Amino acid sequence: MLAWYDAHRRELPWRARPGEAADPYRVWLSEVMLQQTTVATVTPRFQAWTARWPDFRSLAQASDDDVMTAWAGLGYYARARNLAACAKAVVAEHGGHFPTTEAALRKLPGIGDYTAAAIAAIAFGEPATVVDANVERVVARLFRAATKPAVRAAAEAITPRDRAGDFAQAMMDLGSAICIPRKPRCLLCPLRDVCAAFAAGDQVAFPVKTAKARKPQRYGTIFWAQAGDAVMLVRRPPKGLLGGMRALPTGPWVGEPPGTTDAPIAADWTMRNATVAHGFTHFDLQLALATARVERHALPGDAVWWPVESLGEAGLPTVFAKAAKAIGGA
DNA sequence: CAGTCGTGGGC
DNA sequence: TGCCCAAGACT
């Protein structure tokens, strides 16, 4: 396994070169960015992030607005809130350095079982057992293990005391490149000869997955209020969907197409002859587009007038960026 | 514990 | 094309 890893090792921005010590900050940041997010998406964002905030102290001093704006488009925005909180905790409670044990890491915001084990193993060489979706798939097939506890126990049994970090990364690389969900490339697999599912010919039956409910359809309205060259943006509530993010004003997202009754300000609203569709994890959304030209008056609460030409720097989640593009900045 | 929480890519 | 999936955490 480790011989295969050494031979096929990929260079990634957060991965230490052989023989060099890993930077715990970069390991942590990459692990959080990579939660439910692909390497291709993360790579440029990781480069930009570390150029701006290279360590815990710089990130701990960043404003919440800057952090959330920098995270825009990556999704699962609680990660960004927890990232900022974790950096502050590391500086305030740990002198700017991570604790090195899995249990202590687990107490920090945004660090769960997987990430604690990954940091302990990769950054500190602890023999922690790292189980992500890749490892779960590889181990489930290796042992034809049908339940999560069985997978966990088997993964612990094969985790080596030495090079546990390399072992974890090897298992994840194997899962993403060879032991893939649909058509595993077993003829390329270094573990083929010891794989129970390969022997039985039922690789794709593992891991055992539960049926998912169909996603409901919801409807809403986006309100584009333009005053001169600026558009009205709001700040969404700190928790919940797209929590803490800057946004275009919307009405409620409900089961039936709504009217314009929930506009953020009184104006002569025009319904555009187009809609924007966006899929979230647990529902699909279709948004009607309402636009109005208004006077540039004082705005309540967290609302601001934002220059349309620099809307790309507002840090809008993708659904709002889509809507802005559909309206065309008019 | 099952639901919540984004997004983009692959087939 | 619609569906499945991804280096999960939190409640």
Side-chain angles (χ1 to χ4, degrees), chain A residues 10 12-15 22 26-46 68 71-83 85-86 105-123 128-139 148-149 152 155 165-177 179-185 204 207 209-218 236-245 247 253 276-285 315-322:
Chain A
R10 278 191 299 170
L12 295 169
W14 46 87
R15 192 170 275 185
R26 295 168 68 87
V27 171
W28 162 68
L29 177 63
S30 68
E31 291 301 344
V32 173
M33 283 188 170
L34 286 163
Q35 287 166 9
Q36 305 291 289
T37 310
T38 61
V39 168
T41 298
V42 165
T43 297
R45 306 295 296 260
F46 177 88
M68 299 312 287
W71 197 270
L74 273 175
Y76 286 147
Y77 296 98
R79 293 186 292 173
R81 295 197 298 273
N82 287 329
L83 206 65
C86 184
L105 287 162
R106 182 67 179 76
K107 297 182 189 303
L108 290 163
I111 298 183
D113 290 340
Y114 162 77
T115 304
I119 295 170
I122 297 169
T129 297
V130 177
V131 181
D132 75 330
N134 288 306
V135 176
E136 180 180 10
R137 187 170 54 254
V138 171
V139 171
K148 286 183 183 295
R152 155 68 58 175
D166 285 347
F167 179 76
Q169 292 177 87
M171 293 287 280
M172 292 190 280
D173 282 4
L174 189 70
S176 66
C179 196
I180 54 180
R182 314 284 181 80
K183 296 181 178 179
R185 301 167 176 137
V204 293
K209 38 191 178 291
T210 59
K212 292 167 198 163
R214 224 175 71 87
K215 291 199 289 187
Q217 180 72 49
R218 293 186 191 171
R236 291 180 62 84
K239 294 189 176 181
L241 189 67
L242 310 175
M245 300 302 290
W253 297 350
V276 168
H278 189 75
F280 290 101
T281 305
H282 55 294
F283 66 93
D284 290 316
L285 181 64
L316 295 181
T318 299
V319 62
F320 301 114
K322 274 188 195 175

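Below, chain A is the first sequence line, B the second, and so on; all start at residue 1. The basis for the numbers below is simple: all heavy atoms, side chains too, and nothing from hydrogens, waters or symmetry mates. Please read these numbers as outputs of a predicted model, since none were measured by experiment.
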Next on the checklist: Rounded to whole Å, how long is the line connecting atom NZ of A:Lys239 with atom P of B:dG6?
Outcome noted: 14 Å
Next on the checklist: Can you classify the ring geometry of A:Phe320 versus A:Trp253 as parallel (below 30°), tilted (30 to 60°) or perpendicular (above 60°)?
Outcome noted: tilted
Checklist entry - Roughly how many Å is it from NZ in A:Lys215 to P in B:dT7, rounded to a whole number? => result 12 Å
Checklist outcome for this item: Atom CD of A:Gln35 and atom P of B:dG6 are separated, to the nearest Å, by 13 Å
Checklist entry - What is the minimum heavy-atom distance between A:Arg182 and A:Val204, and which atoms define it? => result O-CG1, 3.0 Å
Item to check | Protein-nucleotide distance (A:Leu74, atom CG; B:dG8, atom P), rounded to Å | outcome: 9 Å
Checklist entry - Among all residues two or more places apart in sequence or in another chain, which pass the salt bridge (charged side-chain N to carboxylate O under 4.0 Å, His left out) test with A:Lys322? => result none
Checklist entry - When all nucleic acid strands are considered with a 4.0 Å heavy-atom cut-off, which category describes A:Leu242: base, sugar-phosphate, or nothing? => result sugar-phosphate
Checklist entry - Which part of the nucleic acid, if any, lies within reach of A:Thr115 when heavy atoms closer than 4.0 Å are counted: base, sugar-phosphate only, or nothing? => result sugar-phosphate
Checklist outcome for this item: By nearest-nucleotide position on DNA chain C, the 5'-leaning member of A:Gly110 and A:Arg15 is A:Arg15
Checklist entry - Contact class for A:Gly175 (heavy atom, under 4.0 Å): base, sugar-phosphate, or nothing? => result nothing
Item to check | Rounded distance (Å) that lies between atom C1' of B:dG6 and atom CG of A:Asp284 | outcome: 12 Å
Checklist entry - Base, sugar-phosphate, or nothing: which does A:Leu12 touch, judged by heavy atoms less than 4.0 Å apart? => result base
Next on the checklist: So, OP1 or OP2 of B:dG3: does either fall under 4.0 Å of a side-chain N or O from A:His282?
Outcome noted: no
Checklist entry - Roughly, in whole Å, what's the span from CE in A:Met33 to C1' in C:dG8? => result 16 Å
Checklist entry - Hey, is the side chain of A:Thr318 poking within less than 4.0 Å of OP1 or OP2 on B:dG8, counting only N and O atoms? => result yes
Next on the checklist: Output the rounded distance in Å from CH2 (A:Trp253) to P (B:dT4).
Outcome noted: 15 Å
Checklist outcome for this item: Minimal heavy-atom distance between A:Ile111 and A:Cys86, with the atoms involved, is CD1-SG, 4.1 Å
Item to check | Whether A:Phe280 and A:His278 hold their rings parallel, tilted or perpendicular, with breakpoints at 30° and 60° | outcome: perpendicular
Protein and nucleotides 3-6 of chain C: nitrogen or oxygen contacts under 3.5 angstrom:
| unit_1 | atom_1 | unit_2 | atom_2 | d |
| --- | --- | --- | --- | --- |
| C:dC4 | O4' | A:Arg182 | NH2 | 3.1 |
| C:dC5 | OP2 | A:Lys212 | NZ | 3.2 |
| C:dA6 | OP1 | A:Arg137 | NH1 | 2.4 |
| C:dA6 | N3 | A:Gln36 | O | 3.3 |

Next on the checklist: When you compare the side chain of A:Val139 with that of A:Met171, does any pair of heavy atoms fall below 4.5 Å?
Outcome noted: yes
Checklist entry - Does A:His278 make a side-chain N or O approach to OP1 or OP2 of B:dG6 shorter than 4.0 Å? => result no
Next on the checklist: Show the nearest heavy-atom pair for residues A:Arg185 and A:Ala177, with the distance to one decimal.
Outcome noted: NH1-O, 2.8 Å
Checklist outcome for this item: Nearest-nucleotide check on DNA chain B, A:Thr41 vs A:Gly240; residue mapping nearer the 5' end is A:Gly240
Checklist entry - Within this structure, what is the CZ-to-P distance between A:Arg106 and C:dC10, rounded to whole angstrom? => result 6 Å
